[in-house]
Chemist: 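Take this structure, written in structure tokens, and hold onto it; I'll ask about it next.
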2 protein chains.
Amino acid sequence: MSITSDILRGHTEAIILSHLLEQDSYGYQINKDIMKKTDNAYELKEATLYSAFRRLEQAGYIRTYWGDETVGARRRYYAITDEGTKAYQGYKQEWQEAKDMIDKLLR
Amino acid sequence: MSITSDILRGHTEAIILSHLLEQDSYGYQINKDIMKKTDNAYELKEATLYSAFRRLEQAGYIRTYWGDETVGARRRYYAITDEGTKAYQGYKQEWQEAKDMIDKLLR
DNA sequence: AAATATACCTCGTCTGTCAAGGTATATTTG
DNA sequence: CAAATATACCTTGACAGACGAGGTATATTT
């Protein structure tokens, strides 16, 4: 990874929610998709991912269900809730503001 | 403060270096200036500020000297070094990349 | 005399990240 | 066919930056 994790810190939940807005998905897939979207520049570590899932579920922003795979490893799917959608809007707003602020402070 | 600290996390050092590029300054003043620059949206907490100073000095990115105040409280001034200037360029580059990445991931 | 502003600092806690470890199934490779 | 790799889940403990809470000292304002 080229970007230090402290700069990405705090964005994990928003990134996951954004992904789930497109479609329900499961941990392994989300991880792969994020790497792909960033041309492998950013790999969300598994431990980070799963602890974020716990927080998001705790907050009521996502709900989970088991896939009905008949072959292969079982998959735990995640879906975004209405509250999660609202929270995502907040995260995005916050990001816009933070971005402007940091841009203002770094010149 | 309206922006959560986790989003700002990791930018503290870059923000301080950016400020010192303009001119030497001291803790209390830097803090005030940053609040002013962001219209009071972001207050770098003192404990955060001073621990960042320690790291920056440790890394050789800043050097310090005492002001020669004849009245009022003493001031410890900070100045950016050549290494600090280089480091700042790196931080800035990293920020540009991270910004693009997060923008790509949040839609 | 008390409150506020300027100016410095430390200690201990909190929280998100992640390295390292684990389990289980299916497929590919030598 | 055994070993390696890929898919898929998970937990534990350590680390580091942010910061609340506390402290010291001087000068000015109320």
Side-chain angles (χ1 to χ4, degrees), chain A residues 1-17 24-36 42-59 61-62 64-78 91 94 98 101-102 105, chain B residues 1-17 24-36 42-59 61-62 64-78 91 94 98 102:
Chain A
M1 163 169 35
S2 57
I3 302 292
T4 67
S5 47
D6 269 325
I7 288 189
L8 274 309
R9 192 188 174 107
H11 295 290
T12 307
E13 298 178 19
I15 290 168
I16 292 170
L17 289 182
D24 291 9
S25 192
Y26 55 98
Y28 196 83
Q29 185 64 43
I30 291 173
N31 220 6
K32 287 272 178 292
D33 285 347
I34 285 169
M35 272 193 279
K36 205 175 170 188
Y42 179 40
E43 185 199 358
L44 232 175
K45 303 302 181 308
E46 286 203 358
T48 305
L49 186 69
Y50 286 108
S51 68
F53 282 148
R54 298 296 157 261
R55 288 195 301 276
L56 287 166
E57 196 178 1
Q58 193 72 27
Y61 295 165
I62 58 174
T64 92
Y65 56 94
W66 286 100
D68 58 351
E69 284 69 46
T70 46
V71 294
R74 73 219 160 123
R75 298 172 178 169
R76 185 198 281 277
Y77 280 85
Y78 298 91
Y91 283 134
E94 219 185 329
M101 226 168 67
I102 297 170
L105 291 170
Chain B
M1 162 168 38
S2 58
I3 301 294
T4 68
S5 47
D6 270 324
I7 287 190
L8 274 310
R9 194 189 173 103
H11 294 291
T12 307
E13 298 178 19
I15 289 168
I16 293 170
L17 289 181
D24 292 9
S25 191
Y26 56 98
Y28 196 83
Q29 185 64 43
I30 291 172
N31 220 7
K32 287 273 177 293
D33 286 347
I34 286 169
M35 271 194 278
K36 204 174 170 189
Y42 178 39
E43 185 198 358
L44 233 176
K45 302 303 180 306
E46 286 202 357
T48 306
L49 186 68
Y50 286 108
S51 68
F53 282 148
R54 300 295 158 262
R55 289 195 301 275
L56 287 166
E57 196 179 2
Q58 193 72 26
Y61 296 163
I62 59 175
T64 93
Y65 57 93
W66 287 100
D68 57 351
E69 284 69 45
T70 47
V71 294
R74 71 214 164 130
R75 296 172 178 169
R76 185 198 281 279
Y77 279 86
Y78 298 91
Y91 282 135
E94 219 186 329
I102 296 170

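Below, chain A is the first sequence line, B the second, and so on; all start at residue 1.
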Chemist: Does atom CD of B/Gln58 have more than 12 heavy-atom neighbours, drawn from other residues, nucleotides or ligands, at distances under 6.0 Å?
Modeler: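 No, CD of B/Gln58 has 12 or fewer neighbouring heavy atoms, counting only those of other groups under 6.0 Å.
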Chemist: Aromatic rings B/Tyr77 and B/Tyr65: how do their planes relate, parallel, tilted or perpendicular, breaks at 30° and 60°?
Modeler: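 Parallel.
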Chemist: Return the value, rounded to whole Å, for the distance between atom CD of B/Glu43 and atom P of D/dG20.
Modeler: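 Checked: the CD to P distance equals 8 Å.
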Chemist: CH2 of A/Trp66 versus C1' of D/dT7: gap in Å, rounded?
Modeler: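 Rounded to the whole Å, the gap is 14 Å.
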Chemist: Check this one for me: any side-chain N or O of A/Tyr26 less than 4.0 Å away from OP1 or OP2 of D/dA8?
Modeler: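 Yes, such a contact exists.
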Chemist: To the nearest Å, how far apart are A/Leu8 CG and C/dT17 P?
Modeler: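 Answer to the nearest Å: 9 Å.
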Chemist: Is any side-chain nitrogen or oxygen of A/Thr12 closer than 4.0 Å to OP1 or OP2 of C/dG16?
Modeler: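 So the side chain of A/Thr12 is outside the cut-off, no N or O lying under 4.0 Å from OP1 or OP2 of C/dG16.
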Chemist: When rounded to the nearest 0.5 angstrom, what is the spacing between CZ in B/Arg55 and OG1 in B/Thr12?
Modeler: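 It is 6.5 Å, given to the nearest 0.5 Å.
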Chemist: Quick one: is A/Arg74 getting a side-chain N or O under 4.0 Å of the C/dT23 phosphate, OP1 or OP2?
Modeler: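 Result: no.
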Chemist: Is the shortest side-chain N/O distance from B/Thr48 to OP1 or OP2 of D/dG17 below 4.0 Å?
Modeler: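 Answer no for this pair, as no side-chain N or O of B/Thr48 is under 4.0 Å from OP1 or OP2.
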Chemist: Base, sugar-phosphate or nothing for B/Ser51? Non-hydrogen atoms, less than 4.0 Å.
Modeler: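 No contact.
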Chemist: Measure the shortest side-chain to side-chain distance between B/Tyr61 and B/Ile16 over non-hydrogen atoms and say whether it is less than 4.5 angstrom.
Modeler: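 No, their side chains stay 4.5 Å or more apart.
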Chemist: Under 3.5 Å for both donor-acceptor distances, Watson-Crick or wobble: does C/dT23 have a partner, and if so which one?
Modeler: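 The answer is D/dA8, by the H-bond criterion.
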Chemist: Nearest-Å distance, CG (B/Leu56) to P (D/dA18)?
Modeler: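 My rounded result for the distance is 10 Å.
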Chemist: What is the nucleic acid contact for A/Glu46, judged by heavy atoms within less than 4.0 Å: base, sugar-phosphate only, or nothing?
Modeler: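 If one applies the 4.0 Å heavy-atom cut-off, A/Glu46 turns out to touch a base.
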Chemist: At less than 4.0 Å, is any side-chain N or O atom of B/Arg55 found next to OP1 or OP2 of D/dA18? Yes or no.
Modeler: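 Answer is yes, contact under 4.0 Å.
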Chemist: Please state how far atom NZ in B/Lys45 lies from atom C1' in D/dG22, giving the value in whole angstrom units.
Modeler: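 After rounding, the gap between these two atoms is 16 Å.
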Chemist: Which whole-number value in Å describes the distance from A/Ile7 CD1 to D/dA16 C1'?
Modeler: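 Roughly 15 Å, once rounded to whole Å.
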Chemist: Start at the 5' end of DNA chain D and walk down; is the nucleotide closest to A/Tyr77 or to A/Asp6 reached first?
Modeler: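 Nearest nucleotide further toward 5': that of A/Tyr77.
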Chemist: State whether A/Tyr28 places a side-chain N or O below 4.0 Å from either non-bridging phosphate oxygen (OP1 or OP2) of D/dC9.
Modeler: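 No, outside the criterion.
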Chemist: Taking only the side-chain heavy atoms of A/Arg75 (C-beta and beyond), determine which of C/dC11, D/dA8, D/dC10 contains the nearest atom.
Modeler: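 Closest nucleotide to the A/Arg75 side chain: D/dA8.
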Chemist: Return the 5'-most residue of the pair A/Thr70, B/Tyr78 with respect to DNA chain C, ranking by each residue's nearest nucleotide.
Modeler: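 Upstream on the strand: B/Tyr78.
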Chemist: Using whole Å, what does the distance between atom P of nucleotide C/dA20 and atom CG of A/Leu49 come to?
Modeler: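 From A/Leu49 CG to C/dA20 P: 19 Å.
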Chemist: Both distances below 3.5 Å, Watson-Crick or wobble geometry, any strand: find the nucleotide opposite D/dA18.
Modeler: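 In the structure as shown, D/dA18 has C/dT13 as its Watson-Crick or wobble partner.
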Chemist: Quick one: is B/Arg9 getting a side-chain N or O under 4.0 Å of the D/dA16 phosphate, OP1 or OP2?
Modeler: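 No, no such contact exists.
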Chemist: If you round to the nearest 0.5 Å, how far is CG of A/Asn31 from OG1 of A/Thr48?
Modeler: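 The CG atom of A/Asn31 is 9.0 Å from OG1 of A/Thr48, to the nearest 0.5 Å.
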Chemist: Which of the following nucleotides, C/dC8, C/dT15, D/dC9, is nearest to the side chain of B/Arg76?
Modeler: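 From the listed options, C/dC8 comes nearest.
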Chemist: To the nearest Å, how far apart are A/Arg54 CZ and C/dC18 P?
Modeler: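 The answer, rounded to whole Å, is 17 Å.
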